[in-house]
Number of protein chains: 2
Amino acid sequence: MSKKEALIDATKQLLWEKGYEATSPRDIQALSATGQGSFYHHFDGKKDLAIAALEEISREMLDIMRDNLAAKGPAQQRLESYLCKPRESLKGCRVGRLANEISMQDPQLGQPMRAYFEELTELLKHAIREAQEDGSLPAHLDAGDLATTLLAVVQGGFVLSRAQDRTDIHQSIARSMINLLFGGEAR
Amino acid sequence: MSKKEALIDATKQLLWEKGYEATSPRDIQALSATGQGSFYHHFDGKKDLAIAALEEISREMLDIMRDNLAAKGPAQQRLESYLCKPRESLKGCRVGRLANEISMQDPQLGQPMRAYFEELTELLKHAIREAQEDGSLPAHLDAGDLATTLLAVVQGGFVLSRAQDRTDIHQSIARSMINLLFGGEAR
DNA sequence: GTCTATATTATGATAGAC
DNA sequence: GTCTATCATAATATAGAC
């Protein structure tokens, strides 16, 4: 692995663990066994490297999500599996975790994050429409609103997991949402 | 206003605007027109001051939430008003915004945050139970799970608002959840 | 209680050798 | 491309005068 890749990998890891502000160039160099030279040879600085790392993170996550949400099989099942997907709740979402530090502050850094959530919204919206077409979801629900809501409920799950130091939050949420969407008893 | 109060007020503001990591003692001193002396006379350091500020923030927010969620009137209306409450979406939740920086890293700092979300969950749970008793919500829904879900959807709304730089997220979510909970057409 | 001056360490980046 | 040495600035905290 080249030093450049090592730098990006270390940054991906540290952005997840500590966030953007709390990650210093020195942290990254230490974790990647790299000197100052490599850092500033390959990247303009911390922000530039963070952008490269965030773009890779976003791509990796979207690949996983596409595999699930745009797969074959019943749309209801894909949506349920999105809600029930195993998550490292206490570590936070690799992308959403950075929303408060990054997005507004710097448009360049924010771009990969906006792109990630936009595409994920579209994936969810399509699955929701399919579920509405095959009758597993009521047709009167607005697919865009619901896609945003599913995204939000998972992102909020990460926030609450960390805020309360609990590992059962995403499970509660998944149960609740599946119940509301696909009916529990009286539906 | 005493210098001590001025320091806490400035910290409350900066924690909201910039978060914990990005707020320095000097920022706080500048905003509160205060010298080093007052800062370290009244508080042990940045963390100590942040705890005091976060406790006040939590208290203020809970007072507002109690006024709404434990008020008189139909439970359904109170729950809908929780979802539709005007929010400064782009600024983030004053408490939840700090979940990724603070909670796990330091148990002392995390305590006011845990307390906030625990009490808010209880308030929501009670309102949900009332709604189930008066028949406006189905009885088979788990009140605890649903309370967590309502909290999550709002917290996630803040995350998405900032991540995508959009102001319409909370509205989408509120429409969607009210539809799911209290029925749109075919219920 | 409040101020200014100072100390210490970390941050983010540059310079120049190899 | 990679390394070590160095730098300017900011973060966090202390000391001591008033």
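Every chain is numbered from 1, with letters handed out A, B, ... down the list of sequences. Because only heavy atoms are used, hydrogens play no part in the values below, and waters and symmetry mates are left out as well, while side chains stay in.
- The residues Glu119(A) and Arg66(A) are annotated as salt-bridged, a charged nitrogen and a carboxylate oxygen being separated by less than 4.0 angstrom.
- Among the nucleotides dA5(D), dG12(C), dC3(D), the one closest to any side-chain atom of Gln36(A) is dA5(D).
- Between Lys4(A) and the phosphate of dT2(D), there is no side-chain N or O to OP1/OP2 separation shorter than 4.0 Å.
- Salt bridge annotation for Lys47(B)-Asp106(B): present, with a cationic side-chain nitrogen under 4.0 angstrom from a carboxylate oxygen.
- Between the CG atom of Leu7(B) and the C1' atom of dG1(C) there is a distance of 11 Å, rounded to whole Å.
- For the pair Gln29(A) CD and dT4(D) C1', the interatomic distance rounds to 11 Å; values are reported in whole Å.
- Note on Ser2(B): nothing from the nucleic acid sits closer than 4.0 angstrom, heavy atoms only.
- With salt bridges taken as basic N to acidic carboxylate O contacts below 4.0 Å, none links Arg59(A) and Glu56(A).
- Not counting sequence neighbours, Lys46(A) has no partner by the salt bridge (charged side-chain N to carboxylate O under 4.0 Å, His left out) test.
- Salt bridge status for Asp27(A) with Lys18(A): present, with a side-chain N to carboxylate O gap under 4.0 Å.
- Place Tyr20(B) and Lys3(A) on DNA chain D by their nearest nucleotides, and Lys3(A) ends up nearer the 5' end.
- For the contact set between residues 39-53 of chain B and DNA chain D, defined by any heavy atom under 4.0 Å, the members are Tyr40(B), Gly45(B), Lys46(B).
- Both the sub-6.0 Å distance and the 45° axial angle are satisfied by Arg87(B) relative to the ring of Tyr82(B).
- Taking only side-chain atoms of Arg26(B), from C-beta outward, the nucleotide of dA11(D), dG12(C), dT2(C) with the closest atom is dA11(D).
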For DNA chain D, the dot-bracket pattern of Watson-Crick and G-U pairs whose distances stay under 3.5 Å, | for other-strand partners
||||||||||||||||||

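- One atom, NZ of Lys18(B), and another, P of dA10(D), lie 12 Å apart when rounded to the nearest Å.
- Taking every heavy atom of both residues into account, Ala131(A) and Leu79(A) meet most closely at CB-CD1, 4.2 Å.
- By the 6.0 Å and 45° rule, Arg166(B) does not stack over the aromatic ring of Phe158(B).
- Annotation: of the two residues near DNA chain C, Gly37(B) and Gly37(A), the 5′-most nearest-nucleotide partner is Gly37(B).
- Of the listed nucleotides (dC3(D), dT12(D), dA13(C)), dC3(D) has the atom at the smallest distance from the side chain of Ser38(A).
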Assess whether side chain to side chain donor-acceptor pair (under 3.5 Å) is satisfied between Asn68(B) and Arg78(B), documenting all intermediate values.
CA-CA 6 Å; Asn68(B) 282 290; Arg78(B) 281 177 274 145; over 6 Å; no

